[in-house]
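Just so we're on the same page: letters track the sequence lines, and every chain starts at 1. Owing to the predicted nature of the structure, the values given are computational and were not obtained by experimental measurement.
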2 protein chains.
Amino acid sequence: MKYNASKCGFKSYHVFFRNLANPIRTKIISALKEKQSSVTELAEKLKIEQSKLSHALAALKSCNIVDYKQKGKSRIYFLNKTTILPMLKIIDKHKCKYCKHK
Amino acid sequence: MKYNASKCGFKSYHVFFRNLANPIRTKIISALKEKQSSVTELAEKLKIEQSKLSHALAALKSCNIVDYKQKGKSRIYFLNKTTILPMLKIIDKHKCKYCKHK
DNA sequence: ATTTCATATGAAACCTTATTCATATGTCTT
DNA sequence: AAGACATATGAATAAGGTTTCATATGAAAT
């Protein structure tokens, strides 16, 4: 995937969704929902190698889904909760509605 | 992509998002937001060939993003507005916030 | 300024998804 | 039941995304 360097990494809906259409990236989101973390912390918690995480985080950041603050050598990534939490809530509700039987 | 035949086509967020991560599918959503339509109508309006649309609609239906009612020979597809409209609204807002300069 | 720790980046290999097109299925009309 | 119209489906190929791994960059400590 190629990421737009400009401030906003998407012009159309599908580019935003594409960013979320990946298991590693959604795992990162779930983790950051609980607690902001450095790449190393995410790597340990999720058992995902560093380079994969960096790639994934770059993608998420390109659409402003996450951001980070530098803290010493580490980058502490945090979730854009304003956008993402209500979004996940909608999906939970949707799932609930159509997957009652599971 | 393979679609789950069971009622609910996704177990994890990224599968739901993956479904929306495609320009044809988001175009269909935009079209259906305005007006429910048959495949032929969509084909004309969006200038997308029938077979592509059928594939795309099958994907969207697998996650209950659209549904249809049979009407004669045609299938009238309609959007699951309950889920999708608020979702798009969140993205619009997000975009607005980060793309002011564009 | 060198080393160490933390993270990012690039490119090839690999894997997944989309497109295409021929054909099948389904529904109505006659 | 045959024909016409509408949509779906399958499979090969094309297109696109992800993983991997080697290397680069950056920040702090010595």
Here the distance between atom P of D:dG16 and atom CG of A:N19, to the nearest Å, is 18 Å
Applying side chain to side chain contact (heavy atoms under 4.5 Å, CB included) to A:S38 and not counting sequence neighbours gives A:T40, A:E41, A:S74, A:I76
Residues in residues 29-40 of chain A with a heavy atom under 4.0 Å of DNA chain C, by number, are A:S38, A:V39, A:T40
Note, A:L42 side chain near A:L57 side chain (heavy atom, < 4.5 Å): yes
CE of B:M87 to CD1 of B:I65, rounded to nearest 0.5 Å, is 8.5 Å
Rounded to the nearest 0.5 angstrom, the CZ-CZ distance for B:F17 and A:R25 is 11.5 Å
(message) Pair B:S54, B:Q50 - check side chain to side chain donor-acceptor pair (under 3.5 Å), show working.
(response) CA-CA 6 Å; B:S54 279; B:Q50 178 266 317; 3.2 Å; yes
Checking B:N19 side chain against B:A59 main chain: does a donor-acceptor pair fall under 3.5 Å?
yes
Inset, instruction - Would you check if the side chain of A:H94 reaches a backbone N or O of B:F16 as a donor-acceptor pair within less than 3.5 Å? - result: no
message = Can you tell me if A:R25 touches the phosphate of D:dT18, counting only side-chain N or O atoms and a distance under 4.0 Å to OP1 or OP2?
response = yes
By nearest-heavy-atom nucleotide on DNA chain D, the more 5' of B:L53 and A:E49 is B:L53
Per-helix bend value, the helix from C:dA1-D:dT30 to C:dT30-D:dA1, C1' rotation axes over five pairs per end, 10° rounding, shows 30°
Here the distance between atom C1' of D:dT7 and atom CD1 of B:I48, to the nearest Å, is 16 Å
The residue, B:L57 or A:P23, whose nearest nucleotide of DNA chain D is more 5′ is B:L57
Out of D:dT18, D:dT7, C:dT20, minimum distance to the side chain of A:N22 belongs to D:dT18
So OG of A:S37 and CD of A:E44: to nearest 0.5 Å the spacing works out to 10.5 Å
note: A:E41, atom CD; C:dC5, atom P; distance rounded to Å ~ 17 Å
For this session: May I ask you to say what B:S74 touches in the nucleic acid, namely base, sugar-phosphate or nothing, with a heavy-atom cut-off under 4.0 Å?
Result: sugar-phosphate
Taken in chain and number order and not counting sequence neighbours, the residues that satisfy side chain to side chain donor-acceptor pair (under 3.5 Å) with B:T26 are none
query = Counting distance only, does the side-chain N/O of A:K95 pair as donor-acceptor with the main-chain N or O of B:K11 below 3.5 Å?
reply = yes
Whole-Å distance, A:I24 CD1 to D:dT20 C1', equals 12 Å
Scoring nucleotides 22-30 of chain D by protein non-hydrogen atoms under 4.0 Å (B base, S sugar-phosphate only, - none) yields -----SS--
The nucleotide from C:dT20, C:dA11, D:dT7 with an atom nearest the side chain of A:H55 is C:dA11
Sequence neighbours excluded, the answer for side chain to side chain contact (heavy atoms under 4.5 Å, CB included) partners of A:K81 is A:L79, A:L85
Between NZ of A:K52 and P of C:dC15 the distance, given in whole Å, is 12 Å
Exercise for review: Start with the C-alpha gap between A:D92 and B:Y13, add the side-chain angles, then the distance that decides, and say whether side chain to side chain donor-acceptor pair (under 3.5 Å) holds.
Suggested key: CA-CA 9 Å; A:D92 289 338; B:Y13 290 128; 2.6 Å; yes
Base, sugar-phosphate, or nothing for B:Y77, non-hydrogen atoms under 4.0 angstrom? sugar-phosphate
